Enquirer: 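This is the structure, below, for whatever I ask next.
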Amino acid sequence: MASLRNANPRLKNYFKENYIPQVCEALLCGILVTCPEDPLRYLEGMIMVIIKSGLQNLLWDMCITPSMKPNIRRLSETYLEQLFELDDQLMTPELMIKACSFYTGHLVKTHFCTWRDIAHTNENVVLAEKMNRAVTCYNFRLQKSVFHHWHSYMEDQKEKIKNMLLRIQQIIYCHKLTIILTKWRNTARHKSKKKEDELILKHELQLKKWKNRLILKRAAAEESNFPERSSSEVSLVDETLKCDISLLPERAILQIFFYLSLKDVIICGQVNHAWMLMTQLNSLWNAIDFSSVKNVIPDKYIVSTLQRWRLNVLRLNFRGCLLRPKTFRSVSHCRNLQELNVSDCPTFTDESMRHISEGCPGVLCLNLSNTTITNRTMRLLPRHFHNLQNLSLAYCRRFTDKGLQYLNLGNGCHKLIYLDLSGCTQISVQGFRYISNSCTGIMHLTINDMPTLTDNCVKALVEKCSRITSLVFTGAPHISDCTFRALSACKLRKIRFEGNKRVTDASFKFIDKNYPNLSHIYMADCKGITDSSLRSLSPLKQLTVLNLANCVRIGDMGLKQFLDGPASIKIRELNLSNCVRLSDASVMKLSERCPNLNYLSLRNCEHLTAQGIGYIVNIFSLVSIDLSGTDISNEGLNVLSRHKKLKELSVSECYRITDDGIQVRSLRSSVKELRLKFFFFSFFSNE
């Protein structure tokens, strides 16, 4: 069929106005569905039906028998216009596919929406059921949790009430015991006081009776003009014997005998039986000092004494005693020994140490200074002395680094707090490393007279010994500022360096930053210290003792900067001997900034004048002052006499002081309150 796309518009309008495409669509649909035997007659009949019904009422399925009509939705648009190519666009296969796809998608969407509505309805029902079950389960669990917490709370309350009741019972019981003990103590004190009062009254009566008799005898002797001295002495002895100190309380007797040496105690024990019993009190033999009688008492008596009081002896001192090995072996019987001092004993050997270590495992303090011990003794220390806290190996030069390695054997010396290695020049850097590995709890370290000590030794020591608080290095010229850098990990509170020329101001910068709790500083005879060091020390709030004797480079400016800081508030002791650059300005600053200063040394400060002496009077807390070698005169002594608390004054080598100044001073001050030390190299007068 020819296309009408390019046909005359009049023809197209004719087709549309007369419903030609709709008529053809209806007839064609009827033929295709009914498939009549005589199509022409069928078409003729259908045309008559269309004429009767009218073109306006024409439907596409009008020519189909109602029973054969397909159960499909009527298309909203007819395809006859496209079939006859009456539309402006040509129907292509692509457009047909797109139309079918759209129709299919729309159909699927319609069915999916229906299915979704049905499924959503079912889901809502299921979800509602699930929510009901979830709410029920949650309520059950909530009740269970609340009940569990309530049960735990009630159990805790029951336990608390039970403990409270037990505590109340204990308090009541303790209160009853306290009342009983208080009554017993008051009764005992009353009886003891009554007994002491009776004894004191008895002694006073005896003393008064003795004095009266003595006065009567003296009066009788004076009247007869015949002095009976011998009879008076006899009666004095008789009366004195009646005043027996054995009647005093045991504590008073012990206090009296504690002031006596071992030799005097032995002599007192030989007076009579009562005195012998007093010298045999157990507490009197807790500490025995044989060093005071080392040239008098024989070894035999030492052995017998230790054998008798072996259970009471806690402290033994054999310093400098020349004893036999058998005598040292008897020390092993003192099982409760805690402190032992065998320093300067030339006969003390490793074998003696072996016997003592096996018999006295509870030793806490051990002094082996200047003895001949070797590595054998060093091997015994960690094996037997598990609680050793203080150890002195000063000037013991026969042990080596290997002996220090033994300190880590067995339980080791891990409780060691104090260690003295003065004069042990044989120790190398490796030896100090062994000490660091075995004695990590060292707090107080003393190393004097050791010229071989270097910065590397200190670095090796503080690798693991970070608890050191007190450090004493005197006679160690090779120590430098690097040591202070290595000690920055320790919490030092006390340092002492003397005679060192390599310590400079840089060390004090480390002190300011790393040691805020430092309280004692001894830096005597350190020539490298200047005013800058004092400026670094000014922030130390805990500083109480400062010794800068012989530090000749320190002047007024450095001391002023130090005193302007918080360190001046708590300073109690200040030694500035031989600091020749100091003048009256420093003393004036001291009087203004040091309210707690007790001890001051300005020895050989040549620039100190009478005006500076006047400022010293304003240091009200001052107790002792050393002005030796200064320019003080009689007037200065007169000014110092106004100080109320000054107890000790040293003015040796002060050549301007004369006898008149001393006499004036003695008139204004009591000897008990003030002691004057004079060591003159010239005589003031013949008197």
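Treat the numbers as computed from the prediction; the structure is a model and nothing was measured.
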Enquirer: May I ask you to check whether over 12 heavy atoms, not counting those of R502, lie within 6.0 Å of atom CZ?
Expert: yes
Enquirer: Any donor-acceptor pair under 3.5 Å linking the side chain of T347 with the backbone of L323?
Expert: yes
Enquirer: Is there side-chain contact between I571 and L543, with heavy atoms separated by less than 4.5 Å?
Expert: yes
Enquirer: Counting distance only, does the side-chain N/O of R397 pair as donor-acceptor with the main-chain N or O of G423 below 3.5 Å?
Expert: yes
Enquirer: Taking the side chain from N375 and the backbone from T400, do they hold a donor-acceptor pair closer than 3.5 Å?
Expert: yes
Enquirer: Distance only, no hydrogens: is a donor on one side chain within 3.5 Å (strictly under) of an acceptor on the other, for S519 and T544?
Expert: no
Enquirer: R603: which residues meet the salt bridge (charged side-chain N to carboxylate O under 4.0 Å, His left out) condition with it, sequence neighbours left out?
Expert: D626
Enquirer: Does F484 have its ring centroid less than 6.0 Å away from the ring centroid of F497?
Expert: yes
Enquirer: Taking the side chain as everything from C-beta on, heavy atoms only, tell me whether C413 gets closer than 4.5 Å to F385.
Expert: no
Enquirer: Quick check for you: to the nearest 0.5 Å, what is the distance between S601 atom OG and L574 atom CG?
Expert: 8.5 Å
Enquirer: Taking the side chain as every heavy atom from C-beta outward, state whether F290 and I297 have any atom pair closer than 4.5 Å.
Expert: yes
Enquirer: With heavy-atom distances below 4.5 Å as the criterion, would you say the side chains of I427 and D401 are in contact?
Expert: yes
Enquirer: State, without any angle test, whether N575 and Y522 hold a side-chain donor-acceptor pair at a distance under 3.5 Å.
Expert: no
Enquirer: Between CH2 of W285 and CG of L306, what distance do you get to the nearest 0.5 Å?
Expert: 10.0 Å
Enquirer: List the steps, then state whether side-chain hydrogen bond (donor to acceptor under 3.5 Å, both in side chains) holds for Y259 with D264.
Expert: CA-CA 9 Å; Y259 289 107; D264 296 331; over 6 Å; no
Enquirer: With the side chain counted from C-beta on, respond yes when S283 and N286 share a heavy-atom pair under 4.5 Å apart, and no when they do not.
Expert: yes
Enquirer: Going by atom types alone, do S343 and R319 pair a side-chain donor with an acceptor below 3.5 Å?
Expert: yes
Enquirer: If the condition is salt bridge (charged side-chain N to carboxylate O under 4.0 Å, His left out), which residues does R167 pass it with, not counting sequence neighbours?
Expert: none
Enquirer: Is a side-chain donor-acceptor pair under 3.5 Å present for S369 with S392?
Expert: yes
Enquirer: Say you draw a straight line from CG of D344 to CG of L322; how long is it, rounded to the nearest 0.5 Å?
Expert: 12.0 Å
Enquirer: Does the side chain of N500 come within less than 4.5 Å of F473's, by heavy atoms?
Expert: no
Enquirer: Between K464 and N437, is any side-chain donor less than 3.5 angstrom from a side-chain acceptor?
Expert: yes
Enquirer: Could you check whether any side-chain N or O of R315 sits under 3.5 Å from a backbone N or O of L337, counting only pairs where one atom can act as donor and the other as acceptor?
Expert: no
Enquirer: When rounded to the nearest 0.5 angstrom, what distance separates CG in L404 from OG in S436?
Expert: 12.0 Å
Enquirer: Applying salt bridge (charged side-chain N to carboxylate O under 4.0 Å, His left out), can you list everything that pairs with R354, at least two apart in sequence or on another chain?
Expert: E351, E358
Enquirer: What distance do N448 atom CG and D420 atom CG have between them, rounded to the nearest 0.5 Å?
Expert: 6.5 Å
Enquirer: Tell me yes or no: between the side chains of N456 and T454, is some donor less than 3.5 Å from an acceptor?
Expert: no
Enquirer: How about N317 and D289: does a side-chain donor come under 3.5 Å of a side-chain acceptor?
Expert: yes
Enquirer: If you round to the nearest 0.5 Å, how far is OG1 of T349 from CZ of F328?
Expert: 8.5 Å
Enquirer: Any idea which heavy atoms bring Q389 and L416 closest together, and the distance?
Expert: O-CD1, 3.4 Å
